[in-house]
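To keep things clear, I will list the structure first and then write my remarks on it.
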Number of protein chains: 2
Amino acid sequence: MAKSIKEIAQELNVSKSTVSLVINHKAEQARISKELENRVLAYVEKVGYKPNALAKSLATGRSNTIGLIVENIGDSFFGPFALYVEELFRKKNYHVLYSSTLGDSQNARDIIDSMLEKKVEGILLAPTVDLEEYQRKILEYGVPLVVFDRNSPAVETHYVHIDNGDSSRKACEHLKSIGCRNFGLVTIDSDQPQMLARKNAYLGFCEENDMEPRLLHLPYQQLKQKGTQLLRKWAAENPALDGLFFTTNYLCILGLKALRSEGEHTFDFPMFSFDDHELFDILNPKISCIQQPLESLAKTCVKVLLKEIDQGISQPKEHIISTKLIAR
Amino acid sequence: MAKSIKEIAQELNVSKSTVSLVINHKAEQARISKELENRVLAYVEKVGYKPNALAKSLATGRSNTIGLIVENIGDSFFGPFALYVEELFRKKNYHVLYSSTLGDSQNARDIIDSMLEKKVEGILLAPTVDLEEYQRKILEYGVPLVVFDRNSPAVETHYVHIDNGDSSRKACEHLKSIGCRNFGLVTIDSDQPQMLARKNAYLGFCEENDMEPRLLHLPYQQLKQKGTQLLRKWAAENPALDGLFFTTNYLCILGLKALRSEGEHTFDFPMFSFDDHELFDILNPKISCIQQPLESLAKTCVKVLLKEIDQGISQPKEHIISTKLIAR
DNA sequence: TATCTTTACTAATACGTTTTAGTAGAAATA
DNA sequence: TATTTCTACTAAAACGTATTAGTAAAGATA
């Protein structure tokens with residue numbers, strides 16, 4: 001169905017080169033006569049010629065594609081983030097190949113391999129744990145890499161993120177300021193660096209304020225199955241709790257569902273979320289949170305990656321985006 | 001950095017064909033000796049050979065990529081849907097190239113063009129309005145197409161969807177059953193067929209039940225800027241309202257924010273949403289809804305598209321997925 | 001009129017694969 | 001020993017594009 005340059009050339013009795021040059025607006029510099037140029041243009045238009053991007057990329061070495069690797073394209077942090085990224089790249093004529101790791105490192109490795117094979121021109125990555133080797137591999141292949149949201153300090157790459165420790169401390173201080181004297185922290189059991197940073201800031205806060213730390217680590221791989229139950233049990237066993245700090249919004253949502261549902265025993269102390277959610281401001285009571293500025297996060301990621309692509313891989317740098325505490 | 005088959009062949013003093021055959025596990029059928037096969041395999045492993053997927057696709061005519069075109073990858077319907085789709089295709093060794101149209105037909109056309117150029121093997125599309133011509137174009141290019149969520153009856157393609165009219169009627173009956181006698185419908189002003197079907201079912205219900213229709217069409221392109229205000233004004237002008245039916249969840253969220261916020265005038269009649277949302281069951285009062293079974297929707301889409309890819313384009317068919325009314 | 005320029009193109013090569021037809025040498029057959 | 005059949009490979013063409021070096025014909029120069 002789709003005609004190739006070769007066929008078009010034959011049908012017009014000209015060479016492939018001529019057709020290619022005309023199509024790529026190089027007719028003038030190749031001294032193709034206006035008359036022939038127009039003839040080719042008209043024919044190309046008439047048959048609805050569509051270049052084969054694969055062949056084009058093979059010949060030019062440019063795929064005009066970048067890879068975006070997130071944890072879960074369906075969640076309320078990465079989804080909207082991905083939309084910003086997609087739009088920003090579209091403006092620069094790049095397409096985005098996404099994939100979700102679901103936190104599984106083997107998935108992540110497979111995804112990276114296939115993206116390298118597809119010759120993406122750059123990768124934007126929210127890494128899983130144990131991905132250091134592959135991050136190096138990407139760079140060794142000469143593909144620009146920008147890591148965001150979380151990072152392992154061991155690998156030297158451009159890294160765009162918020163200040164987790166600082167933000168977490170602000171959250172603790174907020175809870176204190178509204179009267180919580182015994183609030184606990186709910187996090188996951190996996191070693192994601194951003195989660196560790198948030199936890200450690202809480203622990204530091206406890207130490208300085210003579211508050212006994214109350215920690216719950218929920219099983220990341222089995223949140224849906226066990227989360228609710230574990231959380232309810234833990235809350236019941238800790239009657240002194242007068243507030244909860246969740247290290248991410250999906251945990252907070254889980255918490256809301258587990259602790260505020262039905263009539264039974266409800267826990268109506270303040271809950272605070274790291275990461276906002278579109279419905280947090282109409283819940284009752286409302287949920288305060290640390291808000292990651294998705295748009296500027298995306299803008300920075302895209303800007304840094306485009307620069308690496310255009311000007312070659314440069315000295316790795318940290319890019320810190322500041323957060324906002326939304327008190328509701 | 002990355003070695004090609006050609007280089008590997010030279011370094012081993014064998015032909016490119018040999019290397020290619022070995023890599024593709026065709027050594028035996030090509031009578032390559034075990035000894036040579038192992039030598040090649042070992043070397044390939046040692047240098048970390050990674051095939052160039054572009055070249056491969058060009059040669060084989062298979063890109064192992066499918067295109068997914070949604071309205072907004074960041075929203076709570078398409079995001080989770082995309083995750084299912086991605087996972088299902090990954091199992092079959094396909095990768096997914098997503099893009100968001102944001103409801104803009106020109107965006108949609110550009111996206112389709114570039115996907116065709118990238119030689120996707122199939123397209124899964126939630127169309128915008130005015131996309132009939134391009135849907136035909138896809139098929140003329142010989143690329144299998146499955147349309148979901150909404151469709152224009154004019155184009156004959158495989159179409160996976162829920163029964164919007166029927167579901168909408170169920171919603172109306174539910175509202176009636178809980179005592180609403182004067183509920184209104186909030187929808188958007190664009191002509192998306194699924195929205196029209198939902199609206200028409202409401203109008204039919206009104207007629208049969210001698211209920212005066214109360215309709216609000218919010219401007220799709222300027223929801224964020226004007227939606228809240230328009231909705232508040234309309235609600236205030238219609239004091240008889242005793243319930244609201246929103247034709248999609250983002251409208252319902254907008255409604256919740258506009259009508260239940262702050263102390264001022266609050267409207268505490270029932271609100272009903274077409275499409276569920278992860279927080280609807282902890283709001284107070286809870287939000288009942290029509291739930292589209294995302295997973296089976298995704299499964300059907302993927303199954304139908306894979307069949308088209310494997311067995312060739314077939315007679316278009318409608319595939320209807322049933323919804324669930326979640327009364328809360 | 002012999003040489004140099006310019007004009008308007010085209011031939012050839014390359015990108016990195018896959019695939020099919022072909023081939024030299026060894027072994028088997030007659 | 002001449003022919004056939006295997007064995008173990010390789011050469012060549014193809015996919016659809018971009019690019020560079022080359023060329024024939026016409027015009028300008030001396």
Side-chain angles (χ1 to χ4, degrees), chain A residues 1-41 44 47-65 114 116-121 141-142, chain B residues 1-41 44 47-65 114 116-121 141-142:
Chain A
M1 194 70 237
K3 298 220 178 192
S4 68
I5 284 190
K6 186 178 164 187
E7 293 170 286
I8 291 182
Q10 280 169 352
E11 289 160 22
L12 284 174
N13 273 314
V14 298
S15 74
K16 294 192 294 171
S17 330
T18 304
V19 178
S20 174
L21 289 166
V22 169
I23 288 172
N24 291 291
H25 310 105
K26 292 185 180 159
E28 187 157 12
Q29 92 181 46
R31 303 169 176 288
I32 309 278
S33 67
K34 264 288 167 212
E35 182 271 328
L36 179 51
E37 179 181 5
N38 288 332
R39 202 150 56 89
V40 172
L41 246 23
V44 157
V47 302
Y49 169 73
K50 220 185 245 329
N52 180 323
L54 299 174
K56 204 163 179 164
S57 295
L58 186 57
T60 59
R62 308 220 46 179
S63 66
N64 271 80
T65 304
S114 92
L116 291 177
E117 290 175 8
K118 293 211 166 148
K119 302 295 165 188
V120 295
E121 295 187 36
Y141 262 80
Chain B
M1 196 69 240
K3 297 218 178 192
S4 69
I5 284 191
K6 185 177 165 187
E7 292 170 287
I8 291 182
Q10 280 169 352
E11 287 159 24
L12 284 174
N13 272 313
V14 297
S15 76
K16 293 191 295 172
S17 330
T18 304
V19 177
S20 174
L21 290 165
V22 168
I23 288 172
N24 291 292
H25 310 104
K26 294 185 179 159
E28 188 157 10
Q29 90 180 50
R31 305 169 176 288
I32 309 279
S33 67
K34 264 288 166 210
E35 182 269 327
L36 179 52
E37 180 182 5
N38 290 332
R39 203 151 56 88
V40 172
L41 246 24
V44 158
V47 303
Y49 170 74
K50 221 185 242 332
N52 181 323
L54 300 174
K56 203 163 180 163
S57 295
L58 188 57
T60 59
R62 308 220 44 181
S63 65
N64 272 82
T65 304
S114 91
L116 291 177
E117 290 175 9
K118 292 211 166 148
K119 302 295 164 189
V120 295
E121 295 187 34
Y141 262 79

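All values derive from a computational prediction rather than experimental measurement. Quick note on labels: first sequence line is chain A, next is B, and so on, each numbered from 1.
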Choose from [options] the nucleotide whose nearest atom is closest to any side-chain atom of [X].
X	options	answer
B:S15	D:dT19, C:dC9, D:dT10	D:dT10
B:A59	D:dC15, C:dC15, D:dT19	D:dC15
B:I5	C:dT10, C:dT18, D:dC9	C:dT18
B:K56	C:dA12, D:dA8, C:dT18	C:dT18

What's the [atom1]-[atom2] distance between [X] and [N], to the nearest Å?
X	N	atom1	atom2	result
A:I23	D:dA18	CD1	C1'	11 Å
B:Q10	D:dT10	CD	P	13 Å
A:K6	C:dT10	NZ	C1'	16 Å
A:L21	D:dT17	CG	P	14 Å
A:N64	D:dA18	CG	P	12 Å
B:I8	C:dG16	CD1	P	12 Å
B:K3	C:dT17	NZ	P	13 Å
B:L54	D:dA18	CG	P	14 Å

Looking at A:Y49 and A:K3, what are the two nearest heavy atoms and their distance?
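The answer is CD1-O, 3.3 Å.
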Search all heavy atoms of A:S63 against all heavy atoms of A:E121 and return the closest pair with its distance.
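Shortest heavy-atom separation between A:S63 and A:E121 comes out as N-OE2, 2.8 Å.
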Is B:T18 side chain donor-acceptor paired with the D:dA8 base, going by distance under 3.5 Å alone?
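Donor-acceptor pair under 3.5 Å: no.
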Is a donor-acceptor contact shorter than 3.5 angstrom present between the side chain of B:K16 and the base of C:dT17?
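Result: at least one qualifying N/O pair found.
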Would you say a side-chain N or O of [X] is under 4.0 Å from OP1 or OP2 of [N]?
X	N	answer
A:Y49	D:dT17	yes
A:S20	D:dA18	yes
A:S17	D:dT19	no
B:R31	D:dT7	yes
B:N52	C:dC15	no

Should B:E117 and A:K56 be marked as a side chain to side chain contact (heavy atoms under 4.5 Å, CB included) after you check the CA-CA gap, both sets of side-chain angles, and the distance that decides it?
CA-CA 10 Å; B:E117 290 175 9; A:K56 204 163 179 164; over 6 Å; no
Main-chain N/O of B:A53 paired with B:S57 side-chain donor or acceptor, under 3.5 Å:
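Yes.
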